[in-house]
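Here is the structure we will look at, set down as C-alpha cells.
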Amino acid sequence: MVVCCALALLPAAAQSVRVKEIAAVQGVRSNMLTGYGLVVGLDGTGDQTSQMPYTGQSLANFLQQHGLTLPAGANPQLKNVAAVMITAELPPFAQPGQAIDVTVSSIGNAKSLRGGTLVVSPLRGADGEIYALAQGNLMVGGAGASAGGSKVQINHLSAGRIPGGGQVERAVPTPLHSGGTLDLGLNSNDFQTATRVTDAINKALGAGTAAAVDGRVVRLNAPADPSARVAFLARVEEVRIESAVPTAKVVINARTGSIVMNQAVTLSPVAVAHGNLSVSISTTPVISQPAPLSGGETVVREQSNIQISQDKGSLVSMGPAAQLADVVKALNALGATPQDLLAILQAIKASGALNAELEVI
C-alpha cells in the first residue's frame, strides 16, 4: 500500500517563481459565454423530434426568419438536426472580429454530432448581452457504428469543438487603464506570500512601488500612460520571489480512496490500533419435494449462512514525524488500505496529532 504525495518525499530546496505564476491583475479576466443553437447535416443521428419537441420548434422559428412558414399542425420527423448548447470563453482584451474556440454539446437524444454543422448562433454573457456569434463544422473526436443490435463506440460522440468557430462582436471593458493604482490578486490567501511579493517588487522597481493590502491583494502604483503601464506590468510579472512553504494540508478523495499531502504535513506522537472486521453472507437454495401422489407442490427456499470474523488488531506507536517521508513511512507501517486510511487520518486529526488541515472532497 502506497500513500500518494503531491511533492517529493525528501525536502527540496526553496524554489523561485515568477509573480505571474502566483498572481494576476484584478479585473483582467476571461468571461464565460453560452448559447443555444442547431446542428444540421447529421447522417440520421440527430434528435428524435417526437421526444424532443423543442428541436422542431427551434427549426420552425429558424425557417420563419428566412421567410418559410411550416403549415399548421405539421410535425416533421427530423433525423439530421440536433439541438445543442454552445459554450465559449471570451479572453480578456478580446476585440470585435477576433476568433475564439467554441464547444458544442447535445442537449437532446442525438446519437452523434459527427459530421454536423452548427448554424449561426448568438453567444451571450451573464448580463444577457450578445458578445459573439458561433458557426462552423464540428470536430468530434469519437467514432461509432451499430448494426443488428450491436454497437461499437470510441470516445464521446455527443460533444464536439469548433476551432475558431466563434467571432467576437463586442469587447468587454477592463479597469487596466483606470485610476492610478492596480491590484495584484494572489492565487492563495497567504500573508507570507503577499509580503514576499511586495518586498521583491519594491527591490526590483523601487521603494514604494508595491504595498500589501491584505493576505491576497498587493497594490501597485502604476504609470498613467497606457504604454508605460503595460511595460510596467510586464516587468512586475517577471519579478522572481522565493516560494513560501504552503499551509499543511491533507486532501482525501472519499470516492476513489486517494490521499494527497504536501511537504508541510507533520505528525505528533500518537498510537493507532488497526484491525479488520469482515462479514460473510452466503445463501444456499433448499428444495422441498412432496411425497408421491400427495398433490403437493415443489417449493424452493433459501437458507442463509452468516459468518463474522475479526482479525487481531495491534497497537502501533507512531513517533513524531517532522518530514513528509517520515509521515508516509509511519502510515505505511499500519498496513491499512487507502479506504482504511480515510478513517485513520480523520481519527488522528481529531486527536490533535495530525498537524495539518484535513480536506475531504
Side-chain angles (χ1 to χ4, degrees), residues 17-41 58 61-62 65-66 83-105 107 113 116-141 159-187 197 201 205 209-210 213 216-239:
V17 295
R18 295 178 298 178
V19 170
K20 68 189 307 181
E21 296 164 354
I22 60 172
V25 179
Q26 290 189 354
V28 180
R29 61 179 182 86
S30 59
N31 292 271
M32 302 300 147
L33 304 179
T34 57
Y36 172 83
L38 293 174
V39 171
V40 299
S58 301
N61 294 339
F62 180 79
Q65 295 177 3
H66 291 75
V84 295
M85 186 67 67
I86 311 165
T87 58
E89 183 177 347
L90 185 65
F93 311 119
Q95 299 299 317
Q98 180 178 344
I100 58 176
D101 297 342
V102 298
T103 301
V104 180
S105 305
I107 59 175
L113 298 181
T117 301
L118 175 70
V119 296
V120 60
S121 306
L123 300 180
R124 304 176 184 272
D127 56 358
E129 299 292 337
I130 297 176
Y131 286 90
L133 298 177
Q135 180 174 281
N137 299 324
L138 270 72
M139 295 182 60
V140 179
R161 192 171 180 85
I162 309 177
Q167 184 175 1
V168 178
E169 297 294 327
R170 177 184 299 181
V172 178
T174 60
L176 181 63
H177 300 299
S178 61
T181 61
L182 291 174
D183 289 343
L184 281 180
L186 302 181
N187 297 337
V197 170
I201 294 176
L205 302 180
T209 303
V213 178
R216 187 178 290 272
V217 178
V218 175
R219 184 155 296 163
L220 305 175
N221 292 317
D225 181 68
S227 179
R229 179 166 292 197
V230 171
F232 169 77
L233 287 176
R235 294 180 59 190
V236 169
E237 289 184 335
E238 291 299 320
V239 173

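Heads up: numbering here begins at 1 and tracks the sequence.
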Are the side chain of [X] and the backbone of [Y] linked by a donor-acceptor contact shorter than 3.5 Å?
X	Y	result
Asn187	Glu21	yes
Arg229	Pro223	yes
Asp101	Gly164	yes
Arg216	Leu186	yes

Would a 4.5 Å heavy-atom cut-off, applied to side chains only, mark [X] and [Y] as touching?
X	Y	result
Pro91	Ile100	yes
Val213	Val218	no
Leu176	Leu233	yes

Please report the shortest heavy-atom distance between [X] and [Y], naming the atom on each side.
X	Y	answer
Ile162	Gln135	CG2-O, 4.1 Å
Ser121	Leu38	OG-N, 4.4 Å
Val236	Val19	O-CB, 3.4 Å
Val104	Leu113	O-CD1, 4.2 Å
Gly27	Pro175	O-CD, 3.7 Å
Ile130	Pro122	CD1-CB, 3.7 Å

Point to revise | Qualifying salt bridge (Lys or Arg N to Asp or Glu O under 4.0 Å) pairs with a residue from residues 219-228, counting only residues at least two apart or across chains | key: Asp183-Arg219
Nearest 0.5 Å, please: how far is [atom2] in [Y] from [atom1] in [X]?
X	Y	atom1	atom2	result
Thr34	Leu123	OG1	CG	7.5 Å
Leu184	Ile201	CG	CD1	5.5 Å
Phe232	Leu182	CZ	CG	7.5 Å
Leu33	Thr87	CG	OG1	9.5 Å
Arg161	Met139	CZ	CE	10.0 Å

Exercise for review: Check the pair Asn221, Thr209 against side-chain hydrogen bond (donor to acceptor under 3.5 Å, both in side chains), reporting the backbone distance first and the verdict last.
Suggested key: CA-CA 5 Å; Asn221 292 317; Thr209 303; over 6 Å; no
Practice item. Decide if atom CE of Met32 counts as having more than 12 heavy atoms of other residues, nucleotides or ligands within a radius under 6.0 Å. Key: yes
Exercise for review: Kindly state each residue pair satisfying side-chain hydrogen bond (donor to acceptor under 3.5 Å, both in side chains) with at least one member in residues 164-181, sequence neighbours excluded.
Suggested key: Glu129-Arg170
Check your understanding: Does any pair with a residue in residues 91-100 pass side-chain hydrogen bond (donor to acceptor under 3.5 Å, both in side chains), and if so which ones, sequence neighbours excluded?
Key -> none
